[in-house]
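Written below as structure tokens is the structure these notes are about.
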Amino acid sequence: MINWTHAVISGAGSGLGLGIALRLLRRGTSVSVLDLKLPDQAGEQLRDAAEQGNCRWQFFQADVTHQETLQTATEQAVAAFGNPQLALNSAGIVVNRAFPDLSPEEFHRVVDVNLNGSFHFASAVLPHLQPGSRLALVASLAGLTSNYGYAAYGASKFGVVGLATTLRFEYQPLGIGVSCICPAEVRTPMVEKEKLDGNPVSMELRKVAGSLDVDTACDEILAGLDRGKWQIIPGTRGKLTAFANRVFPRLFYRICSMVLVRVLRRQSSTLQESG
């Protein structure tokens, strides 16, 4: 376990970002929470965790799509707690639409938050990272395999993986570690909202990689960061899915295609019966 003094986490008002922030606070790391807003319940959880770890935290309002506000928030965080030893970008959104149903505005918005936001975050924090510190970008298993209905989300997360890979080449020789986090489905508020109107074919295909609760995912992610891992994929099924896609790409695609055909046939039969 690494005793980081200060961590900067974007998207820490909920989901994975909040879960990692709480764990760091409990073990004595001061945390700068960056997000558009901070729900009251999250604030209470952060205060309790800080008391347990006898450390401090502070909320800085920031939008990852706006470089200037993110830069300002980062500078304020550094002024409050010093240079961070860990900088984690977990801000992200998802739109689950089959391509014909996806509007240009939706595509651009997802790319702006997930990919451009990762770039803005890295640009804001890297000047403050010293040798021995670590930058972590949350991508997704969809950034390695993608999925039906993920034209926007998959494209943006593939981009995050590419960005993290380049930063790894450029900054690890300078002593700054880089991690790329690629979870499969984690039952965060964002994912639960996605299920309300997500494409049913996509939802069925996602079962191949399984699903994790937030606590399990956060524990495994933080353990990976502690070990200085480059690519962190929480969950056994997620790891196996990524392995199969990488080592046996043709077989993996055939299996996913079989699932896809079965789901589409089932949908077609349901529509015919209801018609």
Side-chain angles (χ1 to χ4, degrees), residues 1-2 9 11-12 14-24 26-27 86 88-90 92 94 96 114 118 134-150 153-154 156-158 160-162 164-165 168 177-195 198-263:
M1 183 175 74
I2 299 178
I9 305 178
S14 65
L16 292 177
L18 176 60
I20 298 295
L22 294 174
R23 282 158 176 75
L24 290 173
R26 291 186 190 116
R27 70 189 207 184
L86 174 65
L88 169 67
N89 180 53
S90 66
V94 61
N96 189 330
N114 295 350
S118 296
R134 178 161 296 273
L135 169 70
L137 302 180
V138 176
S140 169
L141 193 62
L144 304 175
T145 66
S146 201
N147 190 7
Y148 191 101
Y150 271 11
Y153 188 72
S156 70
K157 293 300 187 176
F158 264 85
V160 174
V161 174
T165 302
R168 184 190 187 197
V178 177
S179 293
C180 186
I181 302 167
C182 300
E185 177 182 285
V186 179
R187 295 187 290 275
T188 63
M190 181 182 77
V191 169
E192 294 305 318
K193 182 179 179 181
E194 177 193 1
K195 290 181 179 179
N199 186 283
V201 178
S202 171
M203 295 298 162
E204 193 68 24
L205 279 172
R206 276 168 40 171
K207 294 179 181 178
V208 172
S211 178
L212 290 175
D213 62 87
V214 174
D215 286 337
T216 299
C218 287
D219 286 342
E220 292 195 29
I221 289 169
L222 191 52
L225 293 172
D226 281 334
R227 293 196 299 270
K229 289 189 64 176
W230 147 241
Q231 189 175 84
I232 301 171
I233 304 174
T236 301
R237 288 181 63 176
K239 290 182 178 68
L240 289 174
T241 300
F243 176 81
N245 178 67
R246 184 178 70 253
V247 179
F248 308 107
R250 293 179 63 184
L251 176 62
F252 179 78
Y253 180 74
R254 287 180 63 186
I255 292 172
C256 290
S257 295
M258 289 171 60
V259 175
L260 174 61
V261 169
R262 186 170 67 246
V263 175

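Positions are given from 1, in the same order as the sequence printed here.
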For the student: nearest non-hydrogen atoms of [X] and [Y], plus distance:
X      : Y      : result
Asn114 : Val160 : O-CG2, 3.3 Å
Ile233 : Cys182 : CG2-O, 3.5 Å
Thr216 : Leu212 : CG2-CD2, 4.1 Å
Ser211 : Arg187 : OG-NH1, 2.8 Å
Val178 : Trp230 : O-CE3, 3.4 Å
Phe158 : Ala142 : CE1-O, 3.3 Å

Open item on the list: With a 4.0 Å cut-off on N to O distance, would you call Arg134 and Asp226 a salt bridge?
Closed with: no
Rounded to the nearest 0.5 Å, what separates atom [atom1] in [X] from atom [atom2] in [Y]?
X      : Y      : atom1 : atom2 : answer
Ser179 : Leu225 : OG    : CG    : 5.0 Å
Leu22  : Leu222 : CG    : CG    : 11.5 Å
Tyr148 : Ser257 : OH    : OG    : 12.0 Å
Ile181 : Lys229 : CD1   : NZ    : 11.0 Å

Do [X] and [Y] come close enough that some side-chain heavy atom pair is under 4.5 Å?
X      : Y      : answer
Ile9   : Ser90  : yes
Ile20  : Cys218 : yes
Arg168 : Thr165 : no

Is the backbone of [Y] close enough, under 3.5 Å, to the side chain of [X] for a donor and an acceptor to pair up by distance?
X      : Y      : answer
Asn96  : Ser202 : no
Lys157 : Val138 : yes
Arg23  : Gly19  : yes

Task: Results of side-chain contact (heavy atoms from CB on, under 4.5 Å) for Phe243 - residues two or more places apart only - done: Arg246, Val247, Phe248
- [ ] Among Thr241, Asn245, Val186, find the residue that satisfies the side-chain contact (heavy atoms from CB on, under 4.5 Å) test when tested with Leu141.
- [x] Thr241
Open item on the list: If you apply the rule side-chain contact (heavy atoms from CB on, under 4.5 Å), what do you find for Leu88 with Ile221, and how did you get there?
Closed with: CA-CA 11 Å; Leu88 169 67; Ile221 289 169; 5.8 Å; no
- [ ] Verify side-chain contact (heavy atoms from CB on, under 4.5 Å) between Leu24 and Leu86, making sure each step is shown before the conclusion.
- [x] CA-CA 10 Å; Leu24 290 173; Leu86 174 65; 3.9 Å; yes
